[in-house]
Peer 1: 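My questions will all concern the structure given below.
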Amino acid sequence: MIHLKRFNSLLQRSESKLVYVPMSMCHKAQFHNNNLKQPKPNQTLKKYLECNNHAKVLLLFRTLLRKKPSTFNSIDSFSCLFALKACINKKHSSIQGKQLHALIMKLGYESIIQLQTSLLKVYAEGGNLFDAHQVFEEIPTKNIICWTSLISAYVGNHQPNKGLELFRLMLMNKVEPDQVVVTVALSACADTGGLEMGEWIHDFVRRKHRMKTDLCLSNALINMYAKCGDIVNARKLFDSTRNKDVTTWTSMIVGHALHGQAHEALQLFSQMNTRRDMTKSSSSNFIVCPNDVTFIGVLMACSHAGLVEEGKRHFRSMTEEYGIEPREPHFGCMVDLLCRGGHLRDAYDFIMQMPTDSNAVIWRTLLGACSLHGDLELATEVRHKLLNLDPGYVGDSVAMSNIYAGRDMWNKKIIVRNQIKQSRTPGYSSIEAGKVVGQCITSNDNI
DNA sequence: GTAGGGTTAG
């Protein structure tokens, strides 16, 4: 990091013909030279970004920072913005965000609103909501984009209730919502099961004729209705949506799958592919191809309907026909499919052959199935795996306790139950009362 | 030349 005093002296060097723009003018702060030429490095940074080569962006930015004083001027607010964008979607984005934040302050760019919102996003991507919120608070004139970024930060970090709280606060601050912020708010409603709020937002969109509606908003509405239990309205909206994209189809397929409507989900998947084949032959620009998330919906549908062979076929076709590599959720769906179908040994073999490391949740799916089918031998083996992966999870003891009870092994059951009594935590359910709230219930209801 | 959004198992 370059020291501020040294940096200022660099700016004042006469031979470089730079002009230092004071902080008060930072809303249009840039460095200029006499020829008014754009600095070349920014074009390169932008090109790297367009190619999604984030590592190269950061490497070049670092090189520019470390260059000789006479060339240091090539860094301006746009360079910082490109560097920030390159930090988004990175594991350690919060740390890199902090470094860039410090640099932005040193360069006097902290009041440039585009940099502030990008910084907020970088912190949020790294899960650092404290600093993300702090950046938001320090923006003197918060526009709709700033609000959207903050709400999205909370929704994206599994705090949809806080996101909705901020959405309400935004409305109280008389900031006019647009189609982007309502899309985020609808996503929060879907996550919390907040149908009432979702319906209110839908009504608001219909009343605001000036608000642009686009496909993202339509998809968010379909998803909200499906997740909040109103599958009929979700389907109505889906049917009335023209030019559906992959998210439109996927949202509806997942919606049907979650409602146990496997036939409808698989029929939609089939329609989606028929349409793809038709558009392919007509060389249309609007080709909708299933993606990895679509297949999660398809596998869920098969799993919930007990369609084991069909699920296996789709799982195979995903790689063989569509070239999509399965990820953890796909393996999870397959284990669930085999378990629900009663193929417990197959599920065990499947987990053992998975190319990724198995996790506690996948083993727990199998343990639950062992409990349901009273398979003590396999359950004991699975329980052993779980004790290594996640020893403190009470639910696993409950499953074992139920298996012992089913086998009239009362002594063993009492031992496990006594262990549970020492460590149990209360369960809770949620109700919607203006907003969705968690309501604790007594721990006895858990067992 | 610059900032915000939708689909993901159990």
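In what follows, every chain begins at residue 1, and chains take the letters A, B, ... in the order their sequences are listed.
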Peer 1: Give, ordered by number, those residues of residues 320-331 of chain A having at least one heavy-atom distance below 4.0 Å to an atom of DNA chain B; if nothing qualifies, reply none.
Peer 2: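 Heavy-atom cutoff 4.0 Å gives A/R327, A/E328, A/P329.
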Peer 1: What nucleotide, of B/dT2, B/dT7, B/dA9, holds the atom closest to the side chain of A/K227?
Peer 2: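 Out of B/dT2, B/dT7, B/dA9, the nucleotide with an atom closest to A/K227's side chain is B/dT7.
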Peer 1: Heavy atoms under 4.0 Å, any strand shown: does A/V184 hit a base, just sugar-phosphate, or nothing?
Peer 2: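 Sugar-phosphate contact only.
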Peer 1: Quick check for you: among B/dT7, B/dG5, B/dG4, whose closest atom lies nearest to any side-chain atom of A/V293?
Peer 2: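 That would be B/dT7.
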Peer 1: Compare the minimum distances between each of B/dA3, B/dT2, B/dG4 and the side chain of A/V181, then state the nucleotide with the smallest one.
Peer 2: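 Nucleotide nearest to A/V181's side chain: B/dG4.
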Peer 1: On the side chain of A/T183, is there an atom forming a donor-acceptor pair with the base of B/dG5 - under 3.5 Å, no angle test?
Peer 2: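 Indeed there is one.
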Peer 1: Inspect the contact between A/E165 and A/R168 and indicate whether a charged nitrogen and a carboxylate oxygen are less than 4.0 angstrom apart.
Peer 2: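 Salt bridge: no.
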Peer 1: May I ask you to verify if any side-chain N or O of A/N42 is less than 4.0 angstrom from the OP1 or OP2 atom of B/dG1?
Peer 2: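 A/N42 to B/dG1 OP1/OP2: no side-chain N or O under 4.0 Å.
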Peer 1: Any carboxylate oxygen within less than 4.0 angstrom of a Lys/Arg side-chain nitrogen, looking at A/R316 and A/E309?
Peer 2: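 Here A/R316 does not pair with A/E309 in a salt bridge, since their nearest N and O are not under 4.0 Å apart.
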Peer 1: Could you tabulate the donor-acceptor pairs under 3.5 Å formed by side-chain atoms of residues 54-65 of chain A, not counting sequence neighbours?
Peer 2:
unit_1, atom_1, unit_2, atom_2, d
A/H54, ND1, A/A86, O, 3.4
A/T63, OG1, A/L59, O, 2.7

Peer 1: B/dG10, B/dT7, B/dG5: which one has an atom nearest the side-chain heavy atoms of A/S251?
Peer 2: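 The closest nucleotide is B/dT7.
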Peer 1: Could you note down all residue pairs passing salt bridge (Lys or Arg N to Asp or Glu O under 4.0 Å) where residues 170-183 of chain A supplies at least one of them, sequence neighbours left out?
Peer 2: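 Counting only pairs at least two positions apart or across chains, the salt bridge (Lys or Arg N to Asp or Glu O under 4.0 Å) contacts touching residues 170-183 of chain A are A/E176-A/K208.
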Peer 1: So, are A/R313 and A/E310 salt-bridged, with charged N and O less than 4.0 Å apart?
Peer 2: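 Salt bridge between A/R313 and A/E310, a charged N being under 4.0 Å from a carboxylate O: yes.
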Peer 1: Are A/K142 and A/F136 in a cation-pi contact, defined as NZ or CZ under 6.0 Å from the six-membered ring centre and within 45° of the axis?
Peer 2: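 Yes, A/K142 sits over the ring of A/F136.
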Peer 1: Quick one: which residue pairs count as a salt bridge (Lys or Arg N to Asp or Glu O under 4.0 Å) with a foot in residues 126-141 of chain A, not counting sequence neighbours?
Peer 2: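 Of all non-adjacent pairs touching residues 126-141 of chain A, those that pass salt bridge (Lys or Arg N to Asp or Glu O under 4.0 Å) are A/K98-A/D131.
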Peer 1: If you take any heavy atom closer than 4.0 Å to DNA chain B, which residues from residues 299-311 of chain A end up in contact?
Peer 2: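 Only A/M300, A/H304 qualify.
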Peer 1: Measure from the side-chain heavy atoms of A/K85 and tell me the nearest of B/dG10, B/dG5, B/dA3.
Peer 2: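 Shortest atom-to-atom distance from the side chain points to B/dA3.
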Peer 1: Assign A/D292 to base, sugar-phosphate, or nothing according to its heavy-atom contacts below 4.0 angstrom with the strands shown.
Peer 2: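 If one applies the 4.0 Å heavy-atom cut-off, A/D292 turns out to touch nothing in the nucleic acid.
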Peer 1: Is there a donor and acceptor pair, one atom on the side chain of A/D214 and one on the base of B/dG5, closer than 3.5 Å?
Peer 2: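 Counting by modelled atom types and ignoring angles, a donor-acceptor contact under 3.5 Å is found here.
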Peer 1: Using the test ring-ring contact (aromatic ring centres under 6.0 Å, His included), find all partners of A/Y348 that sit at least two apart in sequence or belong to another chain.
Peer 2: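 With neighbours one apart ignored, the set is A/W363.
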Peer 1: Are the ring of A/W147 and the base ring of B/dG4 both nearer than 5.5 Å at their centres and tilted by less than 30°?
Peer 2: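 It does not: the two rings, one from A/W147 and one from B/dG4, miss the stacking criterion.
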Peer 1: Ignoring hydrogens and angles, are the base of B/dA3 and the side chain of A/S118 linked by a donor-acceptor pair under 3.5 Å?
Peer 2: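 No.
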Peer 1: Do A/T148 side-chain and B/dG4 base share a donor-acceptor contact under 3.5 Å?
Peer 2: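 By the distance-only test, yes, there is a pair.
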Peer 1: Aromatic rings A/F269 and A/Y322: how do their planes relate, parallel, tilted or perpendicular, breaks at 30° and 60°?
Peer 2: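 Ring orientation of A/F269 relative to A/Y322: tilted.
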